[in-house]
2 protein chains.
Amino acid sequence: MSGVNRKSVADAEERLRSTGERVTVPRVRVLEALLQAGGALTHQEIEVLLGSAALDRVTLYRVLDWLCVKGLAHRMSGGDRVWRFSAIDGQHGRHAHFECRHCGKVTCLDKQSTDELAVNVPRGFRSEGIELTVRGRCAQCA
Amino acid sequence: MSGVNRKSVADAEERLRSTGERVTVPRVRVLEALLQAGGALTHQEIEVLLGSAALDRVTLYRVLDWLCVKGLAHRMSGGDRVWRFSAIDGQHGRHAHFECRHCGKVTCLDKQSTDELAVNVPRGFRSEGIELTVRGRCAQCA
DNA sequence: CGGGAAAGCGCAACTCAGTTGCATGAACCC
DNA sequence: GGGTTCATGCAACTGAGTTGCGCTTTCCCG
Ligand SMILES: [Mn+2]
Ligand SMILES: [Mn+2]
Ligand SMILES: [Zn+2]
Ligand SMILES: [Zn+2]
């Protein structure tokens, strides 16, 4: 149901453990939410998903930031100035996103890796990561 | 010097005129600033550039938005939640950007058009535009 | 198992880019 | 010039994300 999924909790915990850092309740719950999500989630959407026994707003921000630093999640800046987060999972690494201009939903384009994307940068510039967002209409809003 | 450049004012005015919409002082001054800029500018940076006889904050926001709607400029959402704007000029259309993680400066990668970029989207999704941002270290901050 | 140091959490107050509503002023069509 | 329409300016507001600090949890070691 919408309750806790044993397997995904264990999965989240294991990923956290593998960083060598502290495994805390907020980290487990947030990473689990991201792993189960179908797309990239805003801070607000995650708060709703966590529902009862919600975390403090600030803690959620800090956990999300931490997950990104540790490479367990990545962040995209939407056209609405709101960040969205999604888990980086073994098979699909950093990927492109689709943002629907009508409903605002952000879909992960898992097939479209941004690691392999070749972009020429001027001499002396060093590329460390690429953010690629396609904007348009999603299937629901067609 | 840093004052008004006749030629670029005329250039800005002509572009505005070609939209068939009203040509106003704020629109001319803002578009001129964007045309002369080396990279993508934030709202704040534009305010500084305009210097004396600055526009109202709100007017500047509205002018920038209007320029984007009319296709004379485009907007990118930086990693710092701040929008940056650059003119779309005849030769180089919508293009990719480079954002320096150290100094925050955003450089236009004019050679890297985002119009020609081919990205596969899921069935039923319609792509209407692509935003591509490379993050890393710029030449100054190397 | 217990400490205890180090790191993370929660709360309250804050910042600041961008928005909204409305009265005034400037384009521009005739 | 005169009137209509649209843009500007001001003030008040919104809301995502941040900061500082005291309290709690993790987890390492004995
Ligand atoms: Mn994603
Ligand atoms: Mn640009
Ligand atoms: Zn949609
Ligand atoms: Zn730099």
Side-chain angles (χ1 to χ4, degrees), chain A residues 9 12-33 40-50 52-70 72-85 99 104 106, chain B residues 9 12-33 40-50 52-70 72-85 99 104 106:
Chain A
V9 170
E13 274 195 36
E14 190 193 315
R15 284 168 196 276
L16 291 168
R17 198 72 66 186
S18 76
T19 64
E21 304 284 323
R22 293 194 182 173
V23 177
T24 68
V25 175
R27 287 176 182 172
V28 174
R29 300 186 55 214
V30 173
L31 181 53
E32 195 211 346
L41 302 179
T42 63
H43 179 274
Q44 259 199 14
E45 289 167 337
I46 298 171
E47 272 189 322
V48 171
L49 273 180
L50 296 184
S52 57
L55 304 176
D56 181 72
R57 273 168 32 80
V58 177
T59 302
L60 178 48
Y61 278 117
R62 292 200 265 234
V63 166
L64 288 168
D65 196 54
W66 183 90
L67 289 172
C68 290
V69 168
K70 294 300 169 186
L72 296 172
H74 67 166
R75 156 188 349 223
M76 59 97 47
S77 11
D80 54 0
R81 270 168 42 88
V82 174
W83 287 339
R84 287 175 172 79
F85 299 84
E99 181 176 20
V106 172
Chain B
V9 169
E13 275 195 35
E14 189 193 317
R15 285 168 196 276
L16 291 169
R17 198 73 63 186
S18 76
T19 63
E21 304 283 325
R22 293 192 184 174
V23 177
T24 68
V25 174
R27 288 176 182 171
V28 174
R29 300 186 55 213
V30 173
L31 181 54
E32 196 210 346
L41 302 179
T42 63
H43 179 273
Q44 260 197 12
E45 291 167 336
I46 297 171
E47 271 188 324
V48 171
L49 273 181
L50 295 184
S52 57
L55 305 175
D56 182 71
R57 274 167 34 79
V58 177
T59 302
L60 179 48
Y61 278 117
R62 292 200 267 233
V63 166
L64 288 169
D65 196 55
W66 183 89
L67 289 171
C68 290
V69 168
K70 295 300 170 185
L72 296 171
H74 67 166
R75 154 185 354 221
M76 58 98 45
S77 13
D80 55 0
R81 269 169 42 88
V82 175
W83 287 338
R84 286 174 174 81
F85 300 85
E99 182 176 20
V106 173

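Within every chain, numbering begins at 1; the chains are lettered A, B, ... in the order of the sequence lines, protein sequences first and strands thereafter.
The side chain to side chain donor-acceptor pair (under 3.5 Å) check on A:Asp65 picks up A:Arg75, with sequence neighbours excluded. For B:Asp80, the side chain to side chain donor-acceptor pair (under 3.5 Å) partners are B:Arg84, not counting sequence neighbours. Considering only residues two or more places apart in sequence or on other chains, B:Arg81 meets the salt bridge (Lys or Arg N to Asp or Glu O under 4.0 Å) condition with none of them.
Atom CG of A:Leu50 is separated from atom C1' of C:dC9 by 15 Å (rounded to the nearest Å). Atom C1' of nucleotide C:dT19 and atom CG of B:Asp56 are separated by 12 Å, given to the nearest angstrom. In this entry the distance linking CD of B:Glu47 with P of C:dG18 reads 11 Å, nearest Å. The distance from atom CH2 of A:Trp66 to atom P of C:dA7 is 13 Å, rounded to the nearest whole Å. One atom, NZ of A:Lys70, and another, P of C:dG8, lie 8 Å apart when rounded to the nearest Å. For the pair B:Gln44 CD and C:dC16 P, the interatomic distance rounds to 9 Å; values are reported in whole Å. Between B:Asp65 atom CG and C:dT20 atom C1' the separation is 14 Å, expressed in whole Å. Protein atom CG of B:Asp80 is 9 Å distant from nucleotide atom P of C:dA17, rounded to whole Å.
Between the CG atom of B:Leu31 and the CD atom of B:Glu14 there is a distance of 11.0 Å, given to the nearest 0.5 Å. Of the inter-residue distances, the one linking B:Trp83 atom CH2 with B:Ser77 atom OG reads 8.0 Å to the nearest 0.5 angstrom. Between the CZ atom of B:Phe85 and the CG atom of B:Leu67 there is a distance of 9.0 Å, given to the nearest 0.5 Å. Between the OH atom in A:Tyr61 and the CD1 atom in A:Ile46 there is a gap of 10.0 Å [rounded to 0.5 Å].
Residues B:Arg57 and B:Arg27 each lie close to DNA chain D; by heavy-atom proximity, the contact nearer the 5' end of the strand is made by B:Arg27. For the pair A:Arg62 and B:Tyr61, nearest-nucleotide mapping onto DNA chain C gives the more 5' position to A:Arg62.
When DNA chain D is scanned in the 5' to 3' direction for atoms under 4.0 Å from non-hydrogen atoms of chain B, the outermost contacting nucleotides are D:dT5 to D:dG17.
Annotation for A:Val58 and A:Asp56: closest pair N-OD2, 3.0 Å, computed over non-hydrogen atoms.
A:Val58 comes within 4.0 angstrom of a nucleotide base, judged by non-hydrogen atoms across all strands.
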Kindly give the atom pairs (protein nitrogen or oxygen, nucleotide nitrogen or oxygen) under 3.5 Å for nucleotides 2-4 of chain C.
none

Assign a letter to each nucleotide of nucleotides 25-30 of chain C from its 5' end: B, base within under 4.0 Å of a protein heavy atom; S, sugar-phosphate only; -, no contact.
-BBS--

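Considering B:Val63, B:Leu49, B:Leu41 as possible partners of B:Val30, the one that fulfils the side chain to side chain contact (heavy atoms under 4.5 Å, CB included) test is B:Val63.
Where the helix from C:dC1-D:dG30 to C:dC30-D:dG1 starts and where it ends, the local axes point in directions that differ by 40°; five pairs per end, rounded to 10°.
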List the atom pairs, donor and acceptor, that lie under 3.5 Å between side-chain atoms in residues 18-28 of chain B and the rest of the protein, sequence neighbours left out.
unit_1, atom_1, unit_2, atom_2, d
B:Ser18, OG, B:Arg15, O, 2.6
B:Thr19, OG1, B:Leu16, O, 2.6
B:Thr19, OG1, B:Glu21, N, 3.1
B:Thr24, OG1, B:Arg27, N, 3.4
B:Arg27, NH1, B:Arg22, O, 2.8

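A side-chain donor-acceptor contact under 3.5 Å links A:His43 to the backbone of A:Arg57.
Contact check for B:Val48 versus B:Gln44: no side-chain heavy atoms found under the 4.5 Å cut-off.
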